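Proteins get letters first, then strands, A, B, ... in listed order; numbering begins at 1 in each. Side-chain atoms are counted along with the backbone in the values below, which use heavy atoms only and exclude waters and symmetry mates. Since the model is a prediction, treat every value here as computed from it, not as a measurement.
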Amino acid sequence: MLEVSVRGRTIASVRLSGAKLRSRIAPSLPSRLRRRRVTGVRRHGKYLLIDLDEDLTLLSHLGMSGRWLFSTDGRPAPLPHVHVRLAFADGSSLRFQDPRRFGMLRLVRRDRLWRDPSLAILGPDPFASPPAGEWLHRLARGARVSVKNFLLDQRRLAGIGNIYASEILHRGRVDPRRRAGALGREEWNAVAAEIPRVLGEAIERMGTTFRSYRTLWNEPGGYGEKLLVYDRAGEPCRRCGTPIKRIVQGQRSTYFCPRCQGRKASRAPARS
DNA sequence: ATCCTATCCTGTAGGC
DNA sequence: TGCCTACAGGATAGGA
């Protein structure tokens with residue numbers, strides 16, 4: 001979506017707020033971006049890569065509350081917490097808004113892109129190389145972390161966040177509390193199959209808005225209505241009717257159905 | 001090596 | 001109404 005909006009446009013001017021995000025934005029950013037043309041947009045895991053001519057790539061991460069907002073209006077309504085505004089030559093603009101400032105934005109030379117410390121540690125993106133159950137099974141061998149936290153670790157597989165970890169494990173019918181190293185081949189097969197399914201559908205629907213997330217056009221994402229467990233504590237499981245449980249793992253919420261995802265949950269269909 | 005905790009921030013919802 | 005606490009999409013430094 002971002003690519004459709006900005007590819008081919010030339011950056012005419014750049015404004016910085018001066019505020020510090022996760023790390024500080026280099027003050028040289030505006031001068032380095034000016035007159036650059038957007039040649040393409042890519043993604044790896046949760047990182048967005050905006051390719052520019054002259055062999056530069058603008059690397060960004062939304063963190064918890066970041067968003068890119070595109071506007072064709074030359075004078076869009078001013079917003080708080082806009083840290084970068086790229087004004088294009090045709091009058092349209094792209095703004096990076098991030099109230100909590102956990103996001104990041106960095107300009108990198110393309111020939112050094114994958115040596116950037118943030119990207120260098122990432123595992124494969126599940127769309128570039130769909131994970132096989134066997135591969136995950138091997139990767140998890142000996143791991144004592146919970147499978148939920150295992151899925152969140154971007155160094156193994158990049159792109160699964162807190163919402164989708166719960167959704168993936170629910171659909172794969174795996175108890176999030178199990179140690180990653182304890183899952184069998186069949187269980188990893190089930191999880192592996194759900195990863196691109198869940199992420200793919202979430203992307204198609206432009207993400208999940210359960211609080212404040214907004215799309216490029218400042219609209220809520222449409223995956224919220226597809227959530228089976230996330231943010232549904234106490235509500236009936238859509239599959240078996242059992243109340244959904246919320247637990248905390250690594251200081252983050254996990255939601256699951258204690259019946260469908262019991263320690264030895266049946267893989268058979270249910271509906272009590 | 002692996003795992004876990006605390007920390008960086010602001011906004012908002014809910015209890016009293 | 002106002003005050004207070006808890007919690008929120010994430011990554012990562014540093015300690016056990």
What nucleic acid atoms does A:T208 come within less than 4.0 Å of, heavy atoms only: base, sugar-phosphate, or nothing? base
Is the gap between the ring centers of A:H170 and A:F256 under 6.0 Å? no
Remember a base hit wins even if backbone is also touched, and classify A:S212 as base, sugar-phosphate or nothing at under 4.0 Å, heavy atoms. base
Let me check I have this right: for DNA chain B, each base becomes ., (, ), [, ] or |, based on Watson-Crick or G-U pairs with both distances under 3.5 Å. What is the full string? .|||||||.|||||||
Classify the ring geometry of A:H83 against A:F96: parallel below 30°, tilted from 30° to 60°, perpendicular beyond 60°. tilted
From C:dG9, B:dG11, B:dC9, nucleotide with atom closest to A:Y230 side chain: C:dG9
So, OP1 or OP2 of C:dG9: does either fall under 4.0 Å of a side-chain N or O from A:S253? no
Give A:K46 one of three labels, base, sugar-phosphate or nothing, depending on what nucleic acid heavy atoms sit under 4.0 Å from its own. sugar-phosphate
Please work out which of the three classes, parallel, tilted or perpendicular, describes the rings of A:F88 and A:F70, given edges at 30° and 60°. tilted
B:dC8 P sits how many Å from A:K20 NZ, rounded? 10 Å
Check every strand shown and say whether A:R214 touches a base, only sugar-phosphate, or nothing at a heavy-atom separation below 4.0 Å. nothing
Whole angstrom is fine here: how far is it from CZ in A:F210 over to P in C:dG9? 5 Å
Got a list of protein N/O to nucleotides 3-5 of chain B N/O distances below 3.5 Å?
| unit_1 | atom_1 | unit_2 | atom_2 | d |
| --- | --- | --- | --- | --- |
| B:dC3 | OP1 | A:R144 | N | 2.5 |
| B:dC3 | OP1 | A:V145 | N | 3.3 |
| B:dT5 | OP2 | A:Q251 | OE1 | 3.4 |

Side chain of A:I163 (C-beta onward), nearest among C:dG9, C:dA8, C:dT12: C:dG9
Does a side-chain N or O from A:R101 land closer than 4.0 Å to OP1 or OP2 of B:dT7, or not? no
Which nucleotide in the set C:dG9, C:dA8, C:dT12 lies at the smallest distance from any side-chain heavy atom of A:Y255? C:dA8
Which of A:R36, A:R35, A:R7 passes salt bridge (Lys or Arg N to Asp or Glu O under 4.0 Å) with A:D53? It is A:R36
Between C:dA11 and A:H61, is there an OP1 or OP2 to side-chain N/O distance shorter than 4.0 Å? yes
Could you state the CG-P distance from A:L227 to C:dA8, rounded to the nearest angstrom? 14 Å
Select base, sugar-phosphate, or nothing to describe what A:R211 touches, counting heavy atoms under 4.0 Å on all strands. base
Does A:H81 place a side-chain N or O at less than 4.0 Å from the phosphate oxygens OP1/OP2 of B:dC9? no
Quick one: does A:R100 reach the base of B:dC9 with a side-chain donor-acceptor pair under 3.5 Å? yes
Between B:dC8 and C:dC4 - C1' atom distance, rounded Å: 22 Å
Could you measure the distance from the CZ atom of A:R95 to the CG atom of A:L216? Nearest 0.5 Å is fine. 11.0 Å
Selection: residues 121-133 of chain A, any non-hydrogen atom under 4.0 Å of DNA chain B: none
